[in-house]
Amino acid sequence: MITPTEELAAFLRTRRERLDPDDFGVPARRQARRTPGLRREEIAELAGVSVDYVVRLEQGRGLRPSADVVAALARALRLTPAERTYVFDLTRQRPDDTVEPATTAVPALARLVADLSPLPAMVLNHRYDILAWNSEMAGLLVDFGTLPPSRRNAMWLCLRHPEIRERYVDRERVVREGAAHLRAAWAAHPQDRALTGLIAECAHDEQFARLWGERDVAGTGRGSKVLRHPGAGVIAVDFEVLVPLRDTDQRVMIGRPADEASRAALRSSAGSPG
């Protein structure tokens with residue numbers, strides 16, 4: 001894994017290169033460019049910093065910009081809210097409200113997941129480790145209780161489990177969203193060696209490595225997935241991710257059938273082995 005300083009350099013450079021000069025009203029005479037995006041001097045002018053400062057940041061030369069400078073760069077680069085948070089995490093400028101990584105589900109959340117039946121639900125931490133689940137989620141994916149605890153990870157299962165890796169209809173999108181989440185989690189938890197190890201292991205997958213290299217950062221608190229269940233057929237599921245106020249390293253993922261056919265298939269999957 002590269003260091004946060006090196007990642008900040010690469011991330012700022014890729015975000016600068018994706019910008020369209022036409023969106024910034026750059027005069028035509030200034031648009032003879034050998035590389036895509038805005039020039040460093042243009043970003044420096046927009047952010048109110050020196051060109052040399054931008055150069056040193058993009059070269060990873062050990063600078064730690066202040067919160068005001070990070071905010072100015074985020075505005076100049078037109079970062080999304082998730083990307084802005086990512087840069088604040090890389091520079092360690094976000095308020096330190098981190099907690100110890102959760103390794104077991106809070107009992108109240110484990111009971112909640114069980115009570116959400118017949119909707120599939122599970123509790124995860126920031127690494128996507130699966131800490132608790134109900135029978136509907138096990139029927140939809142796999143009986144997590146039969147797996148070693150080290151393999152109860154949603155991203156690892158998607159990439160490496162011989163059955164689950166083929167279950168997602170739009171696997172490219174699922175892997176992309178997972179990589180974007182893990183990138184944001186890595187910036188927020190740079191000392192988490194288990195997370196660093198997970199990312200290194202995931203990078204052996206060619207698809208993950210390619211998508212990780214695109215440096216997307218996003219939160220997937222809501223979305224949809226379509227799965228091919230071996231016993232129930234195609235199931236479209238809308239999901240919602242909720243984060244408790246007290247236990248902020250744990251999140252509850254709840255699935256809902258997206259249509260009546262999926263509702264019937266989901267009922268069938270609950271009685272089938274994953």
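Throughout, numbering of the chain's residues begins at 1 and tracks the sequence.
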Q | With Arg183 via salt bridge (Lys or Arg N to Asp or Glu O under 4.0 Å) - residues at least two apart | A | Glu7
Q. What residues, two or more places apart in sequence or in another chain, satisfy salt bridge (Lys or Arg N to Asp or Glu O under 4.0 Å) together with Glu17?
A. none
Hey, are [X] and [Y] close enough for a salt bridge, meaning a charged N less than 4.0 Å from a carboxylate O?
X: Glu201; Y: Arg151; answer: yes
X: Glu177; Y: Arg173; answer: yes
X: Glu214; Y: Arg176; answer: yes

How long is the straight-line distance from [atom2] of [Y] back to [atom1] of [X], given to the nearest 0.5 Å?
X: Glu83; Y: Leu12; atom1: CD; atom2: CG; answer: 10.5 Å
X: Met137; Y: Leu119; atom1: CE; atom2: CG; answer: 9.5 Å
X: Leu157; Y: Ile164; atom1: CG; atom2: CD1; answer: 4.5 Å
X: Cys158; Y: Arg160; atom1: SG; atom2: CZ; answer: 12.0 Å
X: Leu242; Y: Gln250; atom1: CG; atom2: CD; answer: 13.0 Å
X: Met122; Y: Arg152; atom1: CE; atom2: CZ; answer: 13.5 Å

Tell me the closest heavy-atom pair linking [X] and [Y], and the distance in Å.
X: Arg61; Y: Val55; value: NH1-CG1, 4.5 Å
X: Ala110; Y: Ala105; value: CB-CB, 4.4 Å
X: Met155; Y: Cys202; value: CG-SG, 3.9 Å
X: Leu140; Y: His229; value: O-CD2, 3.6 Å
X: Ala265; Y: Ile235; value: CB-CG1, 3.5 Å
X: Leu266; Y: Pro120; value: CD2-CD, 3.6 Å

Q.
Go through it in stages, so that I can follow the logic: the residues are Leu19 and Ile43, the test is side-chain contact (heavy atoms from CB on, under 4.5 Å), and I'd like the CA-CA distance, side-chain angles, deciding distance and then a yes or no.
A. CA-CA 10 Å; Leu19 297 173; Ile43 290 298; 3.9 Å; yes
Any side-chain heavy-atom pair of [X] and [Y] under 4.5 Å:
X: Tyr86; Y: Leu79; value: no
X: Leu182; Y: Phe208; value: yes
X: Arg210; Y: Glu172; value: yes
X: Leu8; Y: Val87; value: yes
X: Glu163; Y: Val142; value: no

Q.
In terms of relative ring orientation, are His181 and Tyr128 parallel, tilted or perpendicular, with 30° and 60° separating the classes?
A. parallel
Q: Measure the acute angle between the ring planes of His189 and His126, then classify it against the limits of 30° and 60° as parallel, tilted or perpendicular.
A: parallel
Quick one: does [X]'s side chain have a donor or acceptor within less than 3.5 Å of a partner on [Y]'s backbone?
X: Arg16; Y: Leu38; answer: yes
X: Asn134; Y: Ala121; answer: yes
X: Arg256; Y: Glu240; answer: no
X: Asp216; Y: Ala180; answer: no
X: Arg92; Y: Asp89; answer: yes
X: Arg13; Y: Glu58; answer: yes
X: Thr248; Y: Leu245; answer: no
X: Ser268; Y: Ala264; answer: no

Q) Could you give all pairs that pass the salt bridge (charged side-chain N to carboxylate O under 4.0 Å, His left out) test and reach residues 63-72, with sequence neighbours left out? A) none
Using the rule that Ile, Leu, Val, Met, Phe, Trp and Tyr join whenever any side-chain heavy atoms are under 4.5 Å apart, tell me whether [X] and [Y] fall into a single cluster.
X: Leu77; Y: Phe24; result: yes
X: Leu63; Y: Phe88; result: yes
X: Val70; Y: Leu90; result: yes
X: Val49; Y: Leu46; result: yes
X: Leu124; Y: Val113; result: no

Q. Can you list the steps and then say if Arg78 with Asp23 is a side-chain contact (heavy atoms from CB on, under 4.5 Å)?
A. CA-CA 11 Å; Arg78 298 188 177 180; Asp23 294 339; 3.8 Å; yes
Q: For Asn153 and His161, run side-chain contact (heavy atoms from CB on, under 4.5 Å): C-alpha distance rounded to whole Å, both residues' side-chain angles, the deciding distance at 0.1 Å, then the answer.
A: CA-CA 10 Å; Asn153 179 275; His161 193 280; over 6 Å; no
Q: Determine, step by step, whether Val252 and Leu116 satisfy the side-chain contact (heavy atoms from CB on, under 4.5 Å) criterion, reporting the C-alpha distance in whole Å, the side-chain angles of both residues, the deciding distance to 0.1 Å, and the verdict.
A: CA-CA 11 Å; Val252 179; Leu116 284 167; 4.3 Å; yes
